[in-house]
Number of protein chains: 2
Amino acid sequence: MTIRVLVVDDQTMVRAGFRLLLADEADIDVVAEASTGRDAVTQAARLRPDVILMDIRMPEMDGLEATRRILGSDTTARVLILTTFDLDDYVFEALRAGASGFVLKDDPPEQLLAAVRTIAAGEALLSPTVTRRVIRRFATVRRQAPPAAVADLTPREMEVLRLITRGLSNAEIGRELFISDTTVKTHVTRLLQKLDLRDRAQAIVLAYQTGLFDEA
Amino acid sequence: MTIRVLVVDDQTMVRAGFRLLLADEADIDVVAEASTGRDAVTQAARLRPDVILMDIRMPEMDGLEATRRILGSDTTARVLILTTFDLDDYVFEALRAGASGFVLKDDPPEQLLAAVRTIAAGEALLSPTVTRRVIRRFATVRRQAPPAAVADLTPREMEVLRLITRGLSNAEIGRELFISDTTVKTHVTRLLQKLDLRDRAQAIVLAYQTGLFDEA
DNA sequence: GCCCGCTTCCATCCCCCGGCGGAGCCGCTC
DNA sequence: GAGCGGCTCCGCCGGGGGATGGAAGCGGGC
């Protein structure tokens with residue numbers, strides 16, 4: 001079982017370099033190259049590779065858009081982003097697009113080989129500097145401000161708050177919890193004054209900004 | 001320059017194992033061990049290690065809480081979570097706590113060594129299975145459904161929507177944009193019908209679930 | 001020039017939301 | 001048993017939100 005790889009980069013020399021690097025590996029086979037995002041999409045559909053080494057900055061269609069299209073279609077391919085830049089925008093857009101890995105071109109070659117094998121196995125791998133960015137995103141963006149008052153909401157009030165953050169009206173919440181809408185209003189009123197908020201809209205904002213119901 | 005390591009695990013055998021594994025490495029020095037989270041916090045303050053290998057499940061205080069306390073204090077230490085379980089809750093809580101890495105106990109030993117050196121260098125590293133979880137979090141939780149209709153909101157409507165997602169009332173939005181509140185209502189009405197939503201609450205939910213205004 | 005879309009404003013209407021006061025029930029603790 | 005806190009329900013009221021219809025200026029495109 002060899003890993004079938006498609007190399008996508010607009011620079012001929014870069015493609016040649018990758019091909020050389022991967023040529024020595026018995027379990028890896030470069031089946032084709034593409035020089036634009038558009039080309040990558042068609043090649044991916046035709047050859048159905050296991051792993052796609054994808055550059056980001058390319059003419060015609062960039063690597064992010066190509067990744068979205070490829071992964072949006074019927075495929076088992078996994079995309080490994082391979083770029084010179086580790087800018088935030090690229091990283092997070094790539095992950096949102098569904099890429100399985102993100103390696104920088106100046107990472108050591110072994111790193112690239114390991115990444116190809118890792119994502120071919122269905123796992124995922126990020127370059128250390130990229131990993132740091134991703135973690136910082138979790139550590140900062142998400143824990144804005146744990147609103148202490150949330151702690152002394154009763155279980156019922158928490159439940160109501162959760163449904164509010166789904167966009168439900170009081171009547172809908174009542175049907176959901178098998179209680180009357182007037183009761184829901186009671187809970188809402190109390191919950192708002194406990195959290196010192198004006199209306200349900202602010203409650204939704206608070207919940208999302210502090211990641212109250214992230215898990216669900 | 002040796003990397004000074006603190007090993008934290010409630011099982012004696014596990015600690016001994018790590019000590020043995022790290023003993024062979026010239027650039028790594030295990031300076032102490034701790035068997036509880038509470039112990040870890042005091043040892044970290046006293047010895048000021050570079051890297052802390054932290055188990056999660058421990059008596060007295062778990063590794064996540066210990067991590068929070070250590071990183072919350074005045075320290076340059078970096079925490080590498082090392083556990084048997086890669087449950088979602090653990091992973092995301094650990095990253096939020098500020099851990100620099102997450103390695104599983106059944107990962108190959110080289111992985112652990114690489115992780116220690118990587119995070120000592122200020123970078124970050126996650127086990128491939130953990131990386132996959134994190135990425136999926138980005139790929140799914142964040143891009144639930146790009147609401148196509150958002151594209152044909154006018155600039156003004158986008159602006160109003162942005163302020164709605166801050167929890168502002170129509171009157172407040174009007175003051176913010178120097179227009180009357182009746183005009184705001186017009187924009188709101190149109191924006192809601194374009195997005196096929198009932199009220200501003202649902203608009204806020206949509207915006208956050210699709211990450212409309214992530215960046216700001 | 002004409003039309004269309006965006007933006008602004010107005011009046012009117014209805015309904016949901018949220019505040020306020022009051023009530024009964026349950027289960028817990030003292 | 002008395003008391004308390006949580007959950008349930010009711011009525012009343014005011015205000016904000018959202019729908020509808022109408023109007024006007026302004027810009028760009030045909």
Excluding sequence neighbours, so at least two apart, what forms salt bridge (Lys or Arg N to Asp or Glu O under 4.0 Å) with [X]?
X	answer
A:Glu176	none
B:Arg38	B:Glu60
A:Arg15	A:Glu33

Original post:
Does the side chain of B:Asp10 come under 3.5 Å of the side chain of B:Ser35 through a donor N or O and an acceptor N or O?
Top reply: no
Figure out the [atom1]/[atom2] separation between [X] and [N], and round it to whole Å.
X	N	atom1	atom2	result
B:Ile204	D:dG18	CD1	C1'	15 Å
A:Ile164	C:dC17	CD1	C1'	11 Å
B:Ile173	D:dG17	CD1	C1'	11 Å
B:Glu172	D:dG16	CD	P	11 Å
B:Arg190	D:dG17	CZ	C1'	16 Å
A:Glu159	D:dG6	CD	P	17 Å
A:Gln193	D:dG6	CD	P	12 Å
B:Arg198	C:dC15	CZ	P	15 Å

**OP:** Report the residues that fulfil side-chain hydrogen bond (donor to acceptor under 3.5 Å, both in side chains) with B:Gln193, sequence neighbours left out, ordered by chain and then residue number.
**Re:** none
Original post:
Does B:Thr36 have any side-chain hydrogen bond (donor to acceptor under 3.5 Å, both in side chains) partners at least two apart in sequence or in another chain, and if so, which?
Top reply: none
Original post:
Toward the 5' end of DNA chain C, which comes first, A:Leu192 or B:Pro155, by nearest nucleotide?
Top reply: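 Closer to the 5' end of DNA chain C: B:Pro155.
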Is [X] close enough to [N] that one of its side-chain N or O atoms is under 4.0 Å from OP1 or OP2 there?
X	N	result
A:Arg156	D:dT8	yes
A:Arg200	C:dG18	yes
B:Asn170	D:dG16	no
A:Thr189	C:dG19	yes

**OP:** Say whether, by atom type as modelled, one donor and one acceptor occur between the side chain of A:Arg132 and the main chain of B:Gly122 under 3.5 angstrom.
**Re:**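 Yes; at least one donor-acceptor contact below 3.5 Å.
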Original post:
Which pairs pass salt bridge (Lys or Arg N to Asp or Glu O under 4.0 Å) with one or both residues in residues 181-190 of chain B, sequence neighbours excluded?
Top reply: none
**OP:** Provide the full list of salt bridge (Lys or Arg N to Asp or Glu O under 4.0 Å) pairs with a residue in residues 198-207 of chain A, sequence neighbours left out, each pair given once.
**Re:**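 Output for this query lists A:Arg198-B:Glu172.
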Original post:
Can you list the residues that meet the side chain to side chain contact (heavy atoms under 4.5 Å, CB included) rule with A:Val205, with sequence neighbours excluded?
Top reply: A:Gln209, B:Ile204, B:Tyr208
I'd like a table of atom pairs between the protein and nucleotides 25-30 of chain D - only N or O on both sides, under 3.5 Å - with the distance next to each one.
none

**OP:** Check DNA chain D against residues 176-187 of chain B and give the residues with a non-hydrogen atom under 4.0 Å, in numerical order.
**Re:** B:Lys185
**OP:** Using five base pairs at each end, measure the axis-to-axis angle across the helix from C:dG1-D:dC30 to C:dC30-D:dG1 and round it to 10 degrees.
**Re:** 30°
**OP:** Write out all pairs satisfying side-chain hydrogen bond (donor to acceptor under 3.5 Å, both in side chains) with one or both partners inside residues 42-51 of chain B, taking only residues at least two apart or from two chains.
**Re:**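 Qualifying pairs, neighbours excluded: B:Gln43-B:Arg46.
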**OP:** Using a strict cut-off of less than 4.0 Å between a Lys/Arg side-chain nitrogen and an Asp/Glu carboxylate oxygen, indicate whether A:Glu159 and A:Arg162 qualify as a salt bridge.
**Re:**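 Judged by the 4.0 Å cut-off on N to carboxylate O distance, A:Glu159 and A:Arg162 do form a salt bridge.
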